[in-house]
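The structure under discussion appears below in the form of structure tokens.
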Amino acid sequence: MIRNWSASAAAAIRGTSAPVTHTLVVLCCLVFLIGPASGLVPADGSGDEPLTGQRAYFQRWGVIPADLFEGSPGALLTPATALFVHGGWVHLLGNMLFLHVFGAMTEARMGRVRFTLCYAGCGYLALLGYAAANAGSERSLVGASGAISAVLGAFLFLFPRARVTSLLPFLFFLPVRLPAWVVLPFWAALQWAAAGRAADGPGVAYLAHLVGFGLGLGCAWVCFGRATTVKSAPAPAPEGENQP
């Protein structure tokens, strides 16, 4: 999905295994598979029992805004645990696809420690920000979307000219390769528009996406500064010609 930028950057990325990104993907998948939302655990029962188990599971490990601001020490941990819990197969696979595509390159550029702190810290704050805006809600909020949105924000700063394959509805979902500086701000604008229309409660936490995206962008700026942004490599000269 990603195009080359410069020879040195491409070589560095190809030689990096992105262990943090891959570990996060594996952990999220394992947590989902052993949880009630996967539908693969026989002990969850049948009929209405799985739904009851899912609600209890999300309430235990997810963020409940109303509980978070009552001062419960246990509730303060839920923005961290919720990053590894997903509500269904589509929720999980969509998040893991974005994390795999954008996380590996962002980790290669930021380094393992900075990437881990950015992912976990921004993800926690994104869920906390959503909870603060919906402080009276008693519905649970789960998912790594806030943290992955932070990865998108960092990617935009670090690789603004990277070509990303996108599926655009108004082009009948035909795959189009566009620069990250076009795709990701457009995605953020859609989250902003959706957040403005969203009803109370975390059906889809668009606000958490926006908070995470902004935090990730700021994190990359603080860590590297504008001068270190990777630029596109010039097109190779035809055979027999010298490049300037």
Side-chain angles (χ1 to χ4, degrees), residues 24 28 31-32 37 54-55 57-72 74-88 90-99 101-103 106 115 117-157 164 166 169 180-222:
L24 289 170
C28 287
V31 169
F32 178 77
Q54 287 180 31
R55 285 193 291 268
Y57 184 77
F58 295 151
Q59 288 174 353
R60 179 178 181 181
W61 301 110
V63 178
I64 301 178
D67 294 342
L68 187 62
F69 295 102
E70 288 182 355
S72 170
L76 293 176
L77 295 176
T78 56
T81 59
L83 294 177
F84 298 94
V85 180
H86 290 83
V90 173
H91 189 200
L92 172 74
L93 295 177
N95 275 352
M96 294 306 99
L97 175 62
F98 272 79
L99 179 57
V101 171
F102 295 97
T106 306
F115 178 79
L117 293 176
C118 177
Y119 181 92
C122 294
Y124 185 99
L125 292 175
L127 295 181
L128 189 65
Y130 181 91
N134 297 273
S137 176
E138 296 183 353
R139 298 178 61 183
S140 56
L141 172 66
V142 298
S145 301
I148 296 171
S149 298
V151 173
L152 298 185
F155 185 95
L156 174 62
F157 181 84
V164 180
S166 307
W181 66 265
V182 173
V183 175
L184 296 181
F186 178 71
W187 172 86
L190 291 179
Q191 305 306 302
W192 178 274
R197 298 193 304 268
D200 180 53
V204 177
Y206 296 108
L207 182 58
H209 300 174
L210 287 170
V211 174
F213 186 81
L215 289 173
L217 190 65
C219 183
W221 181 82
V222 169

* To do: Kindly indicate, with the supporting measurements, whether the criterion side-chain contact (heavy atoms from CB on, under 4.5 Å) is fulfilled by Leu97 and Val101.
  => CA-CA 6 Å; Leu97 175 62; Val101 171; 4.0 Å; yes
* pair Val31-Trp61: side-chain heavy atoms closer than 4.5 Å -> no
* Test Thr78 against Ile64 for side-chain contact (heavy atoms from CB on, under 4.5 Å), laying out the working first. => CA-CA 8 Å; Thr78 56; Ile64 301 178; over 6 Å; no
* To do: Answer yes or no: are there more than 12 heavy-atom neighbours, outside Tyr57 itself, under 6.0 Å from its atom OH?
  => yes
* Asked: Do Leu24 and Phe84 have side chains that get closer than 4.5 Å, going by heavy atoms?
  -> yes
* **From Asn134 atom CG to Leu141 atom CG, the distance as rounded to the nearest 0.5 Å** => 9.0 Å
* Asked: What's the shortest heavy-atom distance between Cys28 and Leu92, and which atoms?
  -> O-CD1, 3.9 Å
* Could you label the plane-to-plane angle of the Phe98 and Phe102 rings as parallel, tilted or perpendicular, counting under 30° as parallel and over 60° as perpendicular? => parallel
* Asked: Ala154 and Thr106: which non-hydrogen atoms are nearest, and at how many Å?
  -> CB-CG2, 3.9 Å
* Asked: What is the minimum heavy-atom distance between Ala126 and Val211, and which atoms define it?
  -> CA-CG1, 3.7 Å
* Please examine the side chains of His91 and Ser145, heavy atoms only from C-beta on, and report whether any two atoms are closer than 4.5 Å. => yes
* To do: Of all the heavy-atom pairs spanning Leu68 and Ala75, show the shortest one and how long it is.
  => CD1-O, 3.0 Å
* **Smallest separation among heavy atoms of Tyr124 and Ala80, with atom names** => CD1-N, 3.8 Å
* To do: Just do the side-chain contact (heavy atoms from CB on, under 4.5 Å) check on Val142 and Val63 with the steps written out, would you?
  => CA-CA 7 Å; Val142 298; Val63 178; over 6 Å; no
* Structure fact -> Closest heavy-atom pair, Ile148 versus Asn95, reported as atoms and distance to 0.1 Å, is CD1-O, 3.2 Å
* Measuring from Ser149:OG to Leu217:CG, what's the distance to the nearest 0.5 Å? -> 12.0 Å
* Taking Ser137 for the side chain and Pro65 for the main chain, is one N or O donor matched with an acceptor at less than 3.5 Å? -> no
* To do: Please round to the nearest 0.5 Å and tell me the distance separating atom CG of Leu152 and atom CG of Leu99.
  => 9.5 Å
* Rounded distance [0.5 Å steps], NE2 in His209 versus OH in Tyr130 -> 9.5 Å
